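This structure is a prediction, so every number in the text was calculated from the model and none was measured. Scope of the values below: all heavy atoms of this structure, side chains included, with no hydrogens, waters or symmetry mates.
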Amino acid sequence: MASLRDLFMEPYVADSQLNSNSSARHSSLEINPLEMETTPMPNHGEAAHQVVGVGPPSNADNGISLTWEDLWVTVPDAKGSRRRPIIQGLTGYAQPGEVLAIMGPSGCGKSTLLDALAGRLGANTRQSGDILINGRTQTLAYGTSAYVTQDETLITTLTVKEAVYYSAQLQLPNSMTKSEKKERAEMTIREMGLQDSMNTRIGGWGAKGLSGGQKRRVSICIEILTRPKLLFLDEPTSGLDSAASYYVMSRITKLDQREGRTIITSIHQPSSEVFGLFTNLCLLSSGRVVYFGCANATNEFFASNGFPCPTLQNPSDHFLRTINKDFDEDIEQGSEGKRATEEVIEILITSFKSSDGYQEVKRQVSKICKQGGTGSSLEKSRSHASFFTQCLVLTKRSSVNMSRDLGYYWLRLAIYVTLSLGVGTIFYDIGLGNSSIQARGAMLMFIASFLTFMTIGGFPSFVEDMKVFERERLNGHYGTTAFVIANTLSAVPYLLLISLIPGALAYYLSGLRPGFEHFLYFDSVLFTCMVLVESLMMIVASIVPNFLMGIITGAGIQGIMILGGGFFRLPNDLPKPFWKYPLHYIAFHKYAYQGMYKNEFQGLTFPCNQTGQRGVITGEYILKNKFQVEMGYSKWVDLGILLSMAVLYRVLFLTIIKIVENMKPAISKFISHDSFFTQCLVLTKRSSVNMSRDVGYYWLRLAIYITLAVSLGTLYYDVGMSYSSIQPRGALLMFLASFLTFMAIGGFPSFVEDMKVFEVERLNGHYGPTAFVIGNPLFSVPYLLLFSPITGALAYYLTGLQRGFEHFVYFDLVLFTCMMLVKSLMMTVASIVPNFLMGIIAGGGIRGLMMLGSGFFRLPNDLPKLLWKYPVYYIAFHKYAYQGLCNNDYERLYFSSDDLTGGLDVIISGEEILRDEFQVEMGYSKWVDLGILLGMVVVYRTPFLVIIRIVEKAKPVISKFISVKPQPMTQVMENQTATAVHMS
């Protein structure tokens, strides 16, 4: 048997022998781009003979050689006082025409080493040592290197051909014609064996598409379009079976053989077939190098140290088991007995550092540096596509994605149409009576606030767009400005559509101001508000790229803006610090309300119904005195301000993206079978621990609730007992019962994750649905009990609602029960629609319809009897919450006014206000309302249990009903080859 020194030194005996062997190896594996994917499995005996070493191939002068010496990477420890090493003093190299595999147990520093070599380390890491390109410290030009991440961040609605072709148009220079770019894209697709899947959509949620291996190859296709000389791959076989892993890696190795490309890949645990494709191996353990050299000589190295690979065992399995100290098993060392894993690792590291192989690695690094120092420099620059081309291509691609993604706009359109029909029927033919004044104002407020608020449902799609952008931006495909412009332009047609259709339904069904020019203004304001909310959510997505936190944050910001818009409390009554200055003037709702009010009321007259008075009230009087609208400028100024704010929000989006690119690391660091009774108890404990540790589950919502409660408290601070306080009290209680509890929708992503865990454990028979449904509310009760007293107390005592601890207790019980109801509703939705985007939109739509029919936006006696009075009014929990809170606050109170009858003091009792102003049902106690709410909590949980059981039985039928596309030819071939692999 050859010595370890011989194995390392043999490749460098004669350059002619090396070149001959390399050429033979390359020519034997040369492929035709048009051939089908029928790559033969490697014969390990032949591979060991042909892949003779790690010396530079004949085309080294045309490629990139990468070397690193004494490379260290450290990160702060948990306390931040010290730094701990991730990579410790590594030395190595990678050369053209070769594949270097970085291998080791989880957490050994594979990805960190790859990121360090690619220049992608985070801002909180520190790096020392030398990393040289062809022996020099130089920056690679765009397109000369590429990085394929572990996650397939792809646009799932595009076909393979579209995804690669759009990327080719973005990356390749304008000097290439469209036909040349198309030819390059198709050639790259064929190189990766995807020619039979060209017209197959990549696929994602709800749509069958490519297999995992095919998606991985699409990601590689996109990055090699520019023909990079240096390619980094982060665990390209992660999540793939052995056959798919082999096909991915075999295609990658053919790239280095044909074009002399330098390929560096981290890989976790390759099969023996995949391992045979590697030229060199860097084996790590806890950031230290255990072995670096020819992959085929690794087994000899382990054997020489007393750890030979057993017969018929995968070599990579043996290597990783030997150096994996996570489980700390004793390792057999020949005739010397067993040794601890830590001791084995030290033996291997010491042996390698004292071997001739390690010295040869250092000599090879020095040789490459000397040759590179005298050679020609790399190309300094490659041209991108022009800025105009980038904008055009990104706009086209985004438009295609939006048109095919059901949840991006089409589902929102359906919900908008439903809500508009709801608004149109509840305010149907509103007329010109005195009672229509308040109804018109409430309707316009609902449209400008809540209807546009539903744009929050597109947040998951925004996050996916941001993920694709971050990957492509990091690889230099295009600039930030091109992305923002394209995103805006592609969204405009869809926003016009979802504002025009719902706007027309709501406008003409309710009988608002006649005249097409008035409708056109109304729809323009609605469209601009949707653009503004979408821009706001894109800003949030750029800062908080997480479904749960982003939705809660965006909803909280909008809630505060709605409060300061001038409807829930009139502009002159707004507290001057914060609410009047600056919030009232920077919240776009102010200009939306005022523009719509001017558009609706100017030029109209309404009958006066005050006692002893006849005549009419002009729209201008209503605007000035009732709604306190600023009359010093035209409604078109309001629209102009809204349009300017839309531009400003997009500029802010662009600015934040650029800032976040540098600040992201800092932000990431800041955020960082038993008995039935036992099942319920264990599930409750486990979920309680999860909720206490998951920042987004309740703690972030608590922070938002406190912010909103403080906002309410300062907005309605010491509301008083005058006649003018009657309406603000009602608006305050409505906001608490409706919008504050609406924020529970922010926990929907966590509900979905709970359902996923339940489905897995239920499928394995761990526990029953009843135990889950019982345990689910039990573990949430302590957190909701924490939410309601803190937020309730802040809002209650700051605003000065009815005094008396018993009144606050009732108020808090209603608030707690409403939160339980909304959580139950969202859990029911999660059991039917286990998807973030659709679930949030569906849950938000249901809540919106309930709020409309609760008796606030239109008084109970004015509700249309069909649908809205019967049954929505009586099944919407908002009715009982609103009535209970009003009874609790107004009963036994008296309000005085001196401006109704010529200066005489008039005392109005709370009971009169409840009966006449709010049309509250006075035939029963407020405790009956609370009892009904508690009963509804149980009722809401029962459908949740029933639906879970139904879905279990209906899922196979649903899956059968959804058509499954024919399996692509390439995937069939992969499956057939997988059989061949196992047979061989």
Exercise for the section: State which residue, out of V248, L194, T188, fulfils the side chain to side chain contact (heavy atoms under 4.5 Å, CB included) condition with I220. Expected result: V248
Problem - Min side-chain heavy-atom separation V361-Y93 under 4.5 Å - result: yes
Handout entry: Side chains of S316 and S272 in contact at under 4.5 Å (non-hydrogen atoms)
Key = no
Exercise for the section: Report yes if the side chains of I267 and V274 come closer than 4.5 Å at any heavy-atom pair, otherwise no. Expected result: yes
Problem - Geometric cation-pi criterion, R120 with Y147: 6.0 Å, 45° - result: yes
Completion exercise
CD1 of I368 to OG1 of T67, rounded to nearest 0.5 Å, is 6.5 Å
Handout entry: Donor on one side chain, acceptor on other, S271 and S242, under 3.5 Å
Key = no
Exercise for the section: Kindly check if the number of other-residue, nucleotide or ligand heavy atoms within 6.0 Å of CD (E180) is above 12? Expected result: yes
Practice task
May I ask you to check whether D234 and S266 show a side-chain donor-acceptor distance below 3.5 Å?
Solution key: yes
Problem - Note: E191-R251 ion pair, threshold 4.0 Å (strictly below) - result: no
Handout entry: Donor-acceptor pair between T159 and N199 side chains, under 3.5 angstrom
Key = no
Exercise for the section: For the pair S366 (side chain) and K362 (backbone), establish whether a donor and an acceptor sit closer than 3.5 Å, ignoring hydrogens and angles. Expected result: no
Problem - Name of the residue among R471, K467, E472, M466 meeting side chain to side chain contact (heavy atoms under 4.5 Å, CB included) with F469 - result: M466
Problem - Side chain to side chain, L90 and F292, heavy atoms closer than 4.5 Å - result: no
Practice task
Indicate whether the side chain of D405 and that of T157 have a donor and an acceptor atom separated by less than 3.5 Å.
Solution key: no
Practice task
Could you check R397, R201, K182, R404 and say which one makes a salt bridge (Lys or Arg N to Asp or Glu O under 4.0 Å) with E162?
Solution key: R404
